[in-house]
Amino acid sequence: MTKYKETRKLDDRFAPADIERRALDFWEADATYRFDKEAERANTFVVDTPPPTVSGSLHIGHIFSYTQTDVMVRYNRMRGKSVFYPIGWDDNGLPTERRVQNYYHIACNPTVPYDPDFKPVHDPKADKRTEVSRRNFIEACEELTAVDEKAFEDIFRQIGHSYDWSLKYTTIGKKAIRESQKSFLDLVEKGLAKSVEAPTMWDVTFQSAIAQAEIEDRDTPGFFHDIRFRVDGSDTTFTIATTRPEFLPACIAVVAHPDDERYKPFFGKKAIVPLFDIPVPIVPSEHAEPDKGTGIMMVCTFGDTADVAWWKQSGLPIKQIVGLDGRLMPIEYGTGAFVTLSPETAKARYNKLAGLKVKEARTAVVDMLRETGDLLAEPKPLTHPVKFYEKGSVPLEFVSSRQWFISILPYKKELIEMGRKIKWTPAHMQSRYEAWVDGLNQDWCISRQRFFGVPFPVWYAIDEKGLVNYDKPIYAREDQLPVDPMVDTPRGFDEAMRGQPGGFVGDKDVMDTWATSSLTPQIALAHAPLGHKLSLPFDVRPQAHDIIRTWAFYTIMKAFAHEHQEPWHEALISGFILDPDRKKMSKSKGNVVTPIDLLVKHSSDAVRYWAARAKLGIDTAFEEQIMEQGRKLTNKIFNAAKFVFMIVEKSGVDVSKPYINRITDPVDRSFVARLKETVDDANKAFAANDYAFALETTEKCFWDFCDNYLELVKGRAYSDTPDSAVATLMLVLDTLIRLFAPFMVFTTEEIWQCRPWAGNNELSVHRAAYPQSDDFDAVAGDEAVYETAVTVLNLIRKQKAENKRSLKTPIIALEIAAPEKTITWAELVRTDLLNAGNVRPDALFFSPQAGDITLVSCVLGEDEKKPA
RNA sequence: GGACGUGUAGCUCAGUUGGUUAGAGUACUACGUUGACAUCGUAGGGGUCACAAGUUCAAGUCUUGUCACGUCCACCA
């Protein structure tokens with residue numbers, strides 16, 4: 001067992017930095033937050049902590065929500081649970097790659113050979129990006145994430161989060177990769193994961209496929225183009241309004257609503273696409289809405305999701321014109337699907353487009369249309385929603401490619417059902433989850449054409465002609481995991497056969513980062529000490545509401561597929577930080593507040609106080625004044641403790657004896673009843689995950705204690721019969737400190753350890769028992785006594801304040817009227833009232849009356865002159 | 001367009017199952033403390049509880065509608 005410090009005495013001044021240092025060292029040496037692997041599952045509290053993304057710096061929002069979790073976790077620990085509270089860093093994936101590219105000015109080119117001497121350098125002035133090999137790139141990622149993770153860890157430690165750091169993991173770590181690959185193989189075996197050649201949403205900047213959960217609509221300016229189409233074999237024309245004229249060469253059909261009288265005569269005929277003279281069928285389809293645009297529209301491969309859906313059920317061939325790089329691909333017009341009535345013209349025109357970026361091609365096509373007179377009006381500007389990768393800056397394209405998909409659409413019902421087994425706080429977050437699942441219209445594309453991620457444990461055989469057979473992948477065996485198919489070889493092959501006819505190739509893609517993050521329970525268990533008794537479901541999943549659609553959903557999906565049960569009993573959804581001044585702050589450079597600055601400026605406990613004041617799921621304004629309020633509170637707690645210690649020591653009462661049965665005075669027992677009520681409320685609040693109310697009620701009781709109870713008993717505690725008062729002060733302080741402990745973790749530890757009655761090797765307050773109602777059963781008295789005393793005391797104070805006199809002004813005569821019953825209560829506190837109000841002995845009279853307690857008369861004496 | 005949420009003092013927020021005169025912190029004003037207090041206390045000003053209708057003896061709280069804001073989803077010709 002570790003000692004807190006050698007001299008266990010409160011310093012005169014409250015210095016948060018020193019207190020924080022002492023407590024952190026003590027917890028580290030004492031392993032205060034270490035998970036006990038021997039604990040039975042029933043006596044554990046198991047948390048599925050969000051691993052923060054470590055690309056860049058920690059946001060104040062992290063501090064906010066992670067602290068809320070820590071508060072709830074600490075409560076459970078103090079309730080005697082063995083807490084499994086892991087922490088990990090989500091470092092694989094695109095965000096990290098992007099940060100590494102920018103930080104080191106490098107780009108990954110898999111064709112570049114490995115350079116063992118390459119050292120990435122952070123040079124903000126560099127303008128060119130150096131191309132490096134895949135392995136060098138991954139090493140650079142590992143190097144930078146290690147630095148970022150250290151910074152994250154420092155902050156989380158500094159703010160006093162009670163993770164068991166021995167359980168730390170990273171999502172790019174070997175065990176995480178193993179879990180992720182194991183999950184993938186299990187999904188393959190269950191028929192839930194397949195590789196398919198299909199149109200996929202594609203980000204041309206990152207050159208990767210993207211899943212539905214990662215896209216967002218952004219209102220984007222564009223233009224409506226009215227384009228003339230001809231009906232084949234006649235002079236009849238009609239107008240198509242489109243925002244994407246560059247897709248004319250990819251047009252596969254023209255559709256109008258079956259009931260649309262305007263276009264009914266055209267059904268069954270062919271339309272001729274201008275510029276390229278492409279004959280395409282004119283087809284009735286419910287998909288077209290008569291009142292939108294001109295009511296008739298072109299279907300292209302692929303302008304949007306609707307095009308993809310329409311193409312799928314049409315059976316028509318794809319005309320893919322956009323390449324993986326976001327440029328129009330070279331196409332031999334008049335071959336394959338690219339039918340035309342005028343091959344020479346079409347070829348000539350298309351050749352001008354090939355190689356252009358989509359946006360450039362759009363302008364070029366518009367120019368051509370203007371020339372031929374097929375543009376019926378100048379383009380009309382509009383703003384319309386366009387799909388973007390949430391981290392991208394260029395609109396997504398639909399590109400047909402081979403990708404791994406996880407099948408989710410058939411299981412929507414089951415996944416909603418599973419969501420209902422989970423208790424969501426706040427409850428309405430469940431409907432967000434259900435709305436998301438309900439709205440899903442694509443399976444989960446999990447392959448990414450990137451580098452810093454979990455590789456697929458898959459190879460493909462190459463036949464004698466050198467063709468890769470993608471239809472029969474060679475899967476790794478579980479005992480091989482983790483594998484990197486670009487380095488490791490499948491069973492039955494050797495490295496020399498890589499890329500050779502009759503040999504094999506590795507799958508060079510990596511998994512969507514969520515494919516790994518969705519396994520945080522399983523990954524955390526893989527990092528738990530051997531022999532632990534944990535399993536799914538975990539107790540709680542804390543997270544923010546924006547990632548219900550990703551992290552929560554995917555985790556439920558994976559647990560459904562692998563364990564056939566919900567991943568956790570409860571989901572605790574935190575709110576966001578809304579910063580009304582965010583724009584100002586980012587504009588005025590150098591004025592941005594970083595989490596570490598806040599911790600230093602206001603102290604960790606003060607920042608924790610700010611976070612804990614906000615309820616789960618409620619978006620909260622960033623408000624430094626509340627941190628200041630927290631700082632004042634810690635200061636007050638410190639001073640109150642210092643005062644109690646002083647009284648206890650001066651009283652000469654033997655502190656080594658148990659105090660509870662020495663509490664005999666009616667006022668003391670009455671205040672204990674007041675305290676018991678607070679303890680009740682706080683426990684009830686925590687049980688409902690309402691830590692904010694637990695804090696509020698604790699704080700209220702504490703101020704009451706300082707303002708009233710302490711003032712009432714001061715005199716008696718200094719008298720020659722201090723026993724009951726001193727014992728009560730000890731009990732109350734012990735209780736309040738433990739009530740505050742989940743919130744003000746440092747202040748409470750310091751005070752707890754420095755109590756004159758603390759043991760030599762006192763355990764951390766964070767392993768002490770959270771106060772319970774029945775702790776007080778033996779001594780709790782009638783609360784009315786204390787309430788009466790406070791009422792009378794306030795009457796006296798008010799009298800003095802109204803007469804603009806000092807609170808110390810003596811009272812020569814005082815008459816208080818009150819109901820008889822109240823008088824009997826007041827009589828029990830007579831001595832304390834005289835002391836606290838500075839009322840002359842025998843000057844206090846009570847007279848009976850019905851109704852409220854009132855002050856009948858009061859005569860104030862002369863102020864005593866202060867000794868010089 | 002749909003779902004969910006929010007709207008209470010200048011600001012940040014409480015307000016449990018409807019029940020006296022709607023609260024706290026902060027900011028402002030005045031006075032008093034400054035012997036546990038990088039403090040604190042007392043008093044004061046400040047609210048049509050977004051708006052409208054309804055249910056009820058009684059509505060900040062329940063119902064319906066409207067408006068504003070936020071989040072998620074959808075639309076994308």
Pair A/Asp226, A/Thr239: side-chain N/O donor-acceptor within cut-off below 3.5 Å
no

Under 3.5 Å, is there a donor-acceptor pair between the A/Gln430 and A/Glu434 side chains?
yes

Hey, where does RNA chain B pair up into stems, meaning at least three consecutive Watson-Crick or G-U pairs with distances under 3.5 Å?
B:1-7 with B:67-73, B:10-13 with B:23-26, B:28-32 with B:40-44, B:50-54 with B:62-66

When all nucleic acid strands are considered with a 4.0 Å heavy-atom cut-off, which category describes A/Lys636: base, sugar-phosphate, or nothing?
base

Once you apply a heavy-atom cut-off of 4.0 Å, does A/Phe638 come out as touching a base, just sugar-phosphate, or nothing?
nothing

How would you label the contact of A/Gln799 with the nucleic acid (heavy atoms, under 4.0 Å): base, sugar-phosphate, or nothing?
nothing

Kindly say if A/Asn635 contacts the phosphate of B/rA38, meaning a side-chain N or O under 4.0 Å from OP1 or OP2.
yes

Which part of the nucleic acid, if any, lies within contact of A/Asp217, taking any heavy atom under 4.0 Å across all strands shown: a base, the sugar-phosphate backbone alone, or nothing?
base

Can you confirm whether A/Lys800 sits close enough to A/Asn838 that some side-chain heavy atom of one is under 4.5 Å from a side-chain heavy atom of the other?
yes

Can you see if the side chain of A/Arg549 gets near the phosphate of B/rC73 - specifically, an N or O under 4.0 Å from OP1 or OP2?
yes

At under 4.0 Å between heavy atoms, what does A/Ala288 touch on the DNA or RNA strands: base, sugar-phosphate, or nothing?
base

Tell me the interatomic distance from A/Glu623, atom CD, to B/rA27, atom P, rounded to whole angstroms.
11 Å

Give a yes/no on whether any side-chain N or O of A/Asn441 is located under 4.0 angstrom from OP1 or OP2 of B/rC73.
no

Heavy-atom side-chain proximity of A/Ile626 to A/Tyr609 below 4.5 angstrom
yes

NA contact type, A/Ala640, heavy-atom cut-off 4.0 Å: base, sugar-phosphate, or nothing?
base

Using salt bridge (Lys or Arg N to Asp or Glu O under 4.0 Å) as the criterion, list what pairs up with A/Lys312, not counting sequence neighbours.
none

Only one of A/Asp704, A/Asp681, A/Asp680 passes salt bridge (Lys or Arg N to Asp or Glu O under 4.0 Å) with A/Arg674, and that residue is A/Asp704

Identify whether any heavy atom of A/Glu434 sits under 4.0 Å from a base atom; if not, whether one sits that close to sugar-phosphate; answer base, sugar-phosphate or nothing.
nothing

Measure CH2/A/Trp703 against P/B/rA14 and give the value in whole Å, please.
21 Å

Under-3.5 Å N/O pairs linking protein and nucleotides 15-22 of chain B:
none

